[in-house]
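Below, chain A is the first sequence line, B the second, and so on; all start at residue 1.
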Amino acid sequence: VNPALLEHIESTHDWKSDAVGVLDTDLRVRAWSDAMGALTGMEAPAVHGVQLGDLFPRLWGSDAARALSDALRGEYTRVNAPFFAAATPAQGRDTEAFVSPVTSPRGICGCLLVARARDASTAEEREDAAREQRFRAMADAAPVLLWKAGTDSLCDFFNQTWLDFSGRTMSEELGVGWAEGVHPEDFQRCMNTYMRAFSAREPFEMEYRLRRHDGEYRWILDRGVPRFGREGAFLGYIGSCVDITDRLVAEQAAHALARDLGRANQQMEQLLYAASHDLHEPIRMVTSFLELLERHAGGALDDRALRYLSFAREGGARMGSLVDGLLTISRARSAKPTLQRVAMREIVEVVLDDLSSAIAESSTRIEVRDLPVVNADPALLRSLLQNLISNAIKFRSTAPPIVEVSAERRGDEWVISVSDNGIGFRPEDSSRVFELFRRLQPRTERPGNGIGLALAREIVLRHGGQIWAKGEVDRGATFSFTMPVVA
Amino acid sequence: VILLVEDNPGDVLLLETQLEAAGNDIPLRVASTTGYALGVLRARPADLGLVIVDIRLAGCDGWEVLEALAGDPALARIPAAVLTSSSRADDRTHARALGIETESYFIKPVGLEGYRDLVSRLVALHGVPS
């Protein structure tokens, strides 16, 4: 290696920053940059002329030694393995070296060694470190409490939100420190859940009380999932927690309220049933014996006494029919409908058959349009339609009565309507008609017990539908209810 | 003989009157408690042509009588009927389990008309007295 060549090499490198060495064909050092001195811990004057193998006893037999002899044969090589035997920490740093032949017109006259210290970590590790950095930044900004645990089940990270919640420092929480904040009554259960999930590498969910910075225990919903790295290696767990105290309190209040309501409702139903049932007995006695009395002693009574009797009997009969109605309503309210697919048209035909004498007597024209198949309790649906159709006939005007049964689809519901051209009602009464025992017409004109429409409404509600009425005085009425469309 | 297990004197009187009105001379024995009814059943089973039971009695349980009838082979031949104000479905089911079919399960009628019909059907169940 002649001086001109060395000079050329020196001029093409930055002697301060590039770790460069020039060796002759005997692998003796001919040039050694300052940066190489810093990297190896051996300065240029000390190494000049010394054989590389003497400087680095562990060079022999290594990839680097092979690379050097390859370079002397004209090859360019990169050596990844640690090149220099480590005596000092600096020398221990992982390096890579590029080895190339140095040529002159007379041929190969040595080799050039450019070394570069690498970071302690691999590219993958650097990538992981960057990801970790991003994760922590994100985690600290998250509105939920986050933790991370390593493969040893010990926690190695808590986000800022967690630390703000607990009012403790990261070092206090690390490992199992966080568990000091768990309510003593929840501690064992918590640890069991955690360790069981951990050994099975399964996700887990647990609720426990965790002490907040102000000393108050708050209910926490903690969800943990195992983390797996490249090629499925288990890395530990990550978990997120939310404070569910407010939700739990609200849920408990709602449950208690629903329970109370349900109980009150059930008691009302039982009372209604028992009252209507037990009233039956005395009413039967009154009506039956009044009848017997009239039959037995009727001949001996004057007209006035017979009228008294007849009022008493009518009253008894009316009591009986009211109690019957109550019983019917109470049954409809407590019965669970058994839903099945029913063709409404068939039900209407059965109802029309039941009502045939009323239809014939009133000369009512019944028009049945296309009706859908619905999911309903057949017996209840029949009772519903019977009430609506018989009502339409009952409240006819002097005009020839016409009753129309029709259906119209609105979104995922059917609207079924029973319309008539009867006497109608005042629009402001349209919701009162459904009230129990409510009568808008004198009994003497249109007999009835005020049950029918209340029962109809109950049946529709049981099926999850709605019912409403539209009417005007002397302009007829339309009763409509909804049923879900069968999928 | 008809054994009527009934604790309401009104109902007893109504049934008596209507049996009479129907021109029937089948004797009616009345038990107002299940204990007395079971006594009659065991003492003179051969005399009985029909047992009519109100299942809801004050202080005792009419079902006991029906259970005794269904459970004792010596009594099982006697026709039994339920006469009650209960139209509850589970009562009907219970009765059916004890061999009381729908045609022998009667709801107490509200008017005399209903009683006449009831009596004729009860008499049919009793059969011609021997």
Side-chain angles (χ1 to χ4, degrees), chain A residues 266 269-299 309-310 312-338 377-380 383 447 449 451 455, chain B residues 4-24 28 30 32 52-63 81-95 102 105-122:
Chain A
Q266 205 179 354
E269 298 297 342
Q270 279 167 0
L271 189 70
L272 185 61
Y273 187 84
S276 45
H277 199 262
D278 290 354
L279 279 173
H280 238 278
E281 202 65 33
I283 292 170
R284 233 163 27 78
M285 288 295 109
V286 171
T287 52
S288 302
F289 282 101
L290 283 173
E291 216 177 319
L292 265 184
L293 179 62
E294 187 178 353
R295 188 158 311 171
H296 194 77
L309 254 184
S310 123
R313 276 184 57 189
E314 258 172 44
R318 211 178 123 51
M319 267 197 285
S321 106
L322 288 178
V323 164
D324 272 346
L326 271 182
L327 206 53
T328 314
I329 287 273
S330 130
R331 279 213 196 93
R333 285 167 77 119
S334 53
K336 219 177 142 54
T338 48
D377 182 312
L380 291 179
S383 167
N449 58 9
I451 296 287
L455 180 64
Chain B
L4 175 63
V5 187
E6 171 63 78
D7 61 348
N8 181 351
D11 276 314
V12 175
L13 182 58
L14 276 170
L15 197 66
E16 262 176 358
T17 320
Q18 293 309 306
L19 272 170
E20 243 170 62
N24 211 292
L28 187 68
V30 181
S32 59
I52 305 170
V53 181
D54 183 354
I55 47 181
R56 303 200 179 274
L57 302 171
C60 44
D61 180 1
W63 293 113
V82 167
L83 179 59
T84 177
S85 53
S86 164
S87 52
R88 287 172 46 169
D90 49 347
D91 281 340
R92 285 180 186 275
T93 314
H94 191 172
T102 317
Y105 191 104
F106 300 99
I107 305 291
K108 290 179 179 172
V110 174
L112 292 186
E113 194 84 22
Y115 263 95
R116 268 197 293 279
D117 184 45
L118 170 70
V119 161
S120 68
R121 286 159 74 184
L122 287 174

ask   = Does CD in B:Glu20 sit with more than 12 non-hydrogen atoms of other residues, nucleotides or ligands closer than 6.0 Å?
value = no
query = Are any of the side-chain heavy atoms of A:Asp324 and A:Ile451 separated by less than 4.5 Å?
reply = no
query = Can you check whether B:Thr17 reaches A:His296 side chain to side chain, under 4.5 Å on heavy atoms?
reply = no
ask   = Considering only heavy atoms, which portion of A:Arg295 lies under 4.5 Å from any heavy atom of chain B: side chain, backbone, both, or neither?
value = side chain
remark   = Applying a strict 4.5 Å limit to non-hydrogen atoms, the region of B:Asp11 in contact with chain A is both
key: Beyond-backbone contact of B:Arg92 with B:Val82, side-chain heavy atoms, under 4.5 angstrom   = no
ask   = Which bit of A:Glu281 is near chain B, if near means a heavy-atom gap under 4.5 Å: side chain, backbone, both or neither?
value = side chain
